[in-house]
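Residue numbers begin at 1 in each chain, while the letters A, B, ... track the order of the sequences. Here the structure is a predicted model, which is why all the values come from computation and not from measurement.
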Amino acid sequence: MIYFFDGTKEGFLTALVVAFCDENAFLTSKQKQLTLGEDCMFISADAQKAKKAEARLLQADKQSMSDLTTLLRSSDPNNAQIAFRYLQLVAKEKKPVRNMLANGDVVAATECMQRVTWELHRLKGFVRFMESASGALYAPLSPDHDICDLLLPHFRARLPEFPFVLHDVSRKKAAVYDGKNSFLAPLDRADVLLSADERAWQSLWRKYYQSVNIPSRERLKQMRGYLPVRYWKFLPEKFP
Amino acid sequence: MFDFCFSLRYNIRMISEEKLKILTEGAKYDVSCSSSGSGRKNVGGMGNGYAAGCCHSFTPDGRCISLLKILLSNDCIYDCKYCPNRAKADVTRAEATPDEIASLTFDFYKRNYIEGLFLSSAVTKSPDYTMERLLLTVKKLRTEYRFHGYIHLKGIPRADMALSREAASYVDRMSYNVELPSEASLRLLAPQKSKESLLLPMQTLARDAQIFRAEKRKGLFLPAGQTTQMIVGASPETDGRILRLSQSLYRKTGLKRVYYSSYVPVVHDSLLPDLPVGQLREHRLYQADWLMRFYGFSAEEIAPTEENLPLEYDPKCAWALRNMHLFPIEINRAPLEVLLRTPGIGTKSAYKITEARKYCKLEFEHLKKMRVVLKRAKHFITCNGKFYGAKQQSAIKGFLAAEEQSNSAVQLSLFSDGNNAQKALTGQL
Ligand code: SF4
């Protein structure tokens with residue numbers, strides 16, 4: 001049976017409760033996963049069921065909910081199913097299972113979470129701000145996983161005096177810091193009026209990038225491994 | 001109107017592209033680029049330290065850009081034989097003002113191009129003059145620009161120690177490069193530098209840092225410690241000697257890292273080799289260095305004094321092959337220290353094994369599932385009593401060497417960038 005939920009944590013926890021004893025359960029929130037001919041159940045989030053499940057999981061493992069939020073942010077087509085199998089195990093064992101590293105479900109969950117946290121770490125380096133005429137900073141990005149708001153605390157801590165916008169252009173939303181508060185908001189497209197010096201700084205950065213390279217040791221394959229091409233479109237050093 | 005004033009102020013301080021190019025090209029052969037190890041907090045102003053370190057970009061040579069690596073000046077009064085900036089070299093000279101460097105750092109950091117600054121300099125006019133300018137730059141950054149991002153400053157040998165000590169109170173990391181692995185080579189190739197002029201400041205700063213911590217003083221003093229760099233292959237010292245030198249530097253001056261830079265001939269001199277040193281040698285040195293710092297090996301265990309590290313396989317394999325009587329080890333019982341000494345098992349895998357075996361008896365298949373790399377390890381372990389490797393030592397040697405060849409291209413490149421190299425290595429040894 002396929003259990004289709006709305007992608008929220010509450011929706012997931014409700015589905016978890018409903019599907020718990022079904023050995024052939026498959027949880028998903030992604031339309032594409034619905035194949036014709038298979039039985040499908042639409043789960044609508046039930047606050048009470050979710051709360052109960054959450055309490056039970058937290059009792060078994062204090063970190064289980066943060067693991068779940070990480071897993072739900074993943075763009076892996078099977079992420080909900082991976083989370084289901086993992087949390088099912090937590091509930092059955094009644095204790096943390098993340099160190100049961102020889103268990104296939106734990107391995108799958110760990111790797112799925114690692115891909116999310118790894119992209120988060122990478123983006124802390126690959127985000128590029130441009131300065132607007134008003135002095136606010138704007139960074140467009142298009143991450144694999146749904147993490148633009150997770151970048152907020154990092155940049156807020158280092159740029160407390162600059163309002164900034166982290167714009168996930170493909171999910172059409174933005175993590176915003178207005179100089180005091182931070183929040184998440186839907187954002188379709190942004191027109192940014194650049195500051196007078198912005199182009200000059202970008203061009204200096206390109207010059208630096210070219211000068212610090214050692215051409216006689218070229219290793220393009222490695223560079224692409226570390227800096228995958230899909231991230232290039234927002235990096236001024238990679239603009240032609 | 002306000003905006004206009006703001007940009008005007010920075011325009012005056014903006015470095016020219018030409019100068020940026022000269023001063024970057026003079027600094028780019030320096031290998032250290034790591035931005036890790038400092039948790040400096042933001043106390044108003046801009047920036048903080050990110051203890052884990054962070055790569056912001058990668059250049060076509062596969063190296064990571066973490067810090068803005070630049071010289072204050074490339075106009076040197078010294079004449080180190082191997083250096084493209086030496087006094088007698090025919091190159092375009094440039095010197096940046098402290099404000100040019102500070103505003104460049106500030107504006108690059110603001111746009112998240114970099115994690116901080118790695119500032120170094122040729123000895124221009126005099127050691128004291130150079131150190132004063134460097135000090136002025138980092139002091140400006142911290143106080144006027146209120147910049148709290150990472151700063152790594154190169155110390156100038158023979159400069160007044162008072163200047164270096166003051167500079168150390170503003171930066172996260174300082175380094176004096178020992179340059180060459182012996183006094184004799186130093187005398188020959190870098191005549192104006194001496195062992196004392198390089199070691200003494202390191203020791204003084206190490207002592208200062210100790211006192212600072214012991215007295216629990218407020219603020220920070222070199223939170224990311226000191227590092228050094230030496231050129232490998234410009235002079236005849238063996239790997240065995242080089243590793244002993246590193247070991248004593250780690251033990252006596254509490255250095256965080258020794259960087260090895262394989263010699264690249266940029267200048268021709270009858271005293272210098274004409275060929276570059278293979279990067280494989282540099283790579284082996286890093287592996288050996290890693291074994292000393294994180295795996296509990298001593299230099300003596302890794303290489304005899306007058307020998308180089310074998311190029312066919314990594315130093316841990318080489319050690320294991322010399323000590324076959326200690327193997328195979330049983331994966332379900334061996335203590336952590338023993339796991340760590342097993343070829344192919346890095347810190348990560350060793351940790352996974354010790355955790356996973358609490359829950360079940362580990363078989364070969366389990367290790368595979370846990371993504372422990374077994375190509376090398378299988379010759380040195382048993383899983384629940386069963387052995388999956390080759391029986392004869394000669395066969396093992398053959399397998400290891402073949403495995404190494406298919407791997408070395410990838411590994412080499414993994415080593416060329418500061419941060420990731422270390423991570424990649426843990427799984428590889
Ligand atoms: S002191 Fe430094 S910059 Fe000057 S020649 Fe020697 S290595 Fe080069």
For the interface with chain A, which of [options] has the highest count of heavy-atom pairs at distances below 4.5 Å?
options                              : answer
B:Arg371, B:Lys41, B:Glu363          : B:Arg371
B:Gly44, B:Gly149, B:Gly45, B:Ala356 : B:Gly45
B:Lys369, B:Met46, B:Glu17           : B:Glu17

With heavy-atom distances below 4.5 Å as the criterion, would you say the side chains of [X] and [Y] are in contact?
X        : Y        : value
A:Glu131 : B:Arg111 : yes
A:Pro236 : B:Tyr113 : yes
B:Ser16  : A:Lys207 : no
B:Cys55  : A:Tyr226 : no

Taking only heavy atoms into account, what residues of residues 97-107 of chain A are found under 4.5 Å from chain B?
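Within residues 97-107 of chain A, the residues under 4.5 Å from chain B are A:Asn99, A:Met100, A:Leu101, A:Ala102, A:Gly104, A:Val107.
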Would you please name every residue forming a side chain to side chain contact (heavy atoms under 4.5 Å, CB included) with A:Arg199, sequence neighbours left out?
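Per chain and number, A:Arg199 pairs via side chain to side chain contact (heavy atoms under 4.5 Å, CB included) with A:Leu194, A:Gln202.
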Partners of A:His145 by side chain to side chain contact (heavy atoms under 4.5 Å, CB included), sequence neighbours excluded?
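Scan of A:His145 (side chain to side chain contact (heavy atoms under 4.5 Å, CB included), adjacent residues dropped) gives A:Ser74, A:Ser75, A:Arg115, A:Val116, A:Glu119, A:Ile147.
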Under 3.5 Å: donor-acceptor pair, side chain of [X], backbone of [Y]:
X        : Y        : result
A:Tyr209 : B:Ile65  : no
B:Asn112 : A:Val127 : yes
A:Asn213 : B:Thr59  : no

Quick one: list whatever passes side-chain hydrogen bond (donor to acceptor under 3.5 Å, both in side chains) with A:Glu218, sequence neighbours left out.
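Residues passing side-chain hydrogen bond (donor to acceptor under 3.5 Å, both in side chains) with A:Glu218: none at all.
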Aromatic ring pairing B:Phe108/A:Tyr208, orientation class (parallel under 30°, perpendicular over 60°, tilted between):
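B:Phe108 vs A:Tyr208 ring planes: perpendicular.
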Do B:Asn48 and A:Arg158 pass the side chain to side chain donor-acceptor pair (under 3.5 Å) test, and can you show the C-alpha distance, the side-chain angles, and the key distance before you say yes or no?
CA-CA 5 Å; B:Asn48 60 9; A:Arg158 52 175 54 184; 3.1 Å; yes
Do B:Glu25 and A:Ser211 meet the criterion of a side-chain donor-acceptor pair at a distance under 3.5 Å?
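No, no side-chain donor-acceptor pair sits under 3.5 Å.
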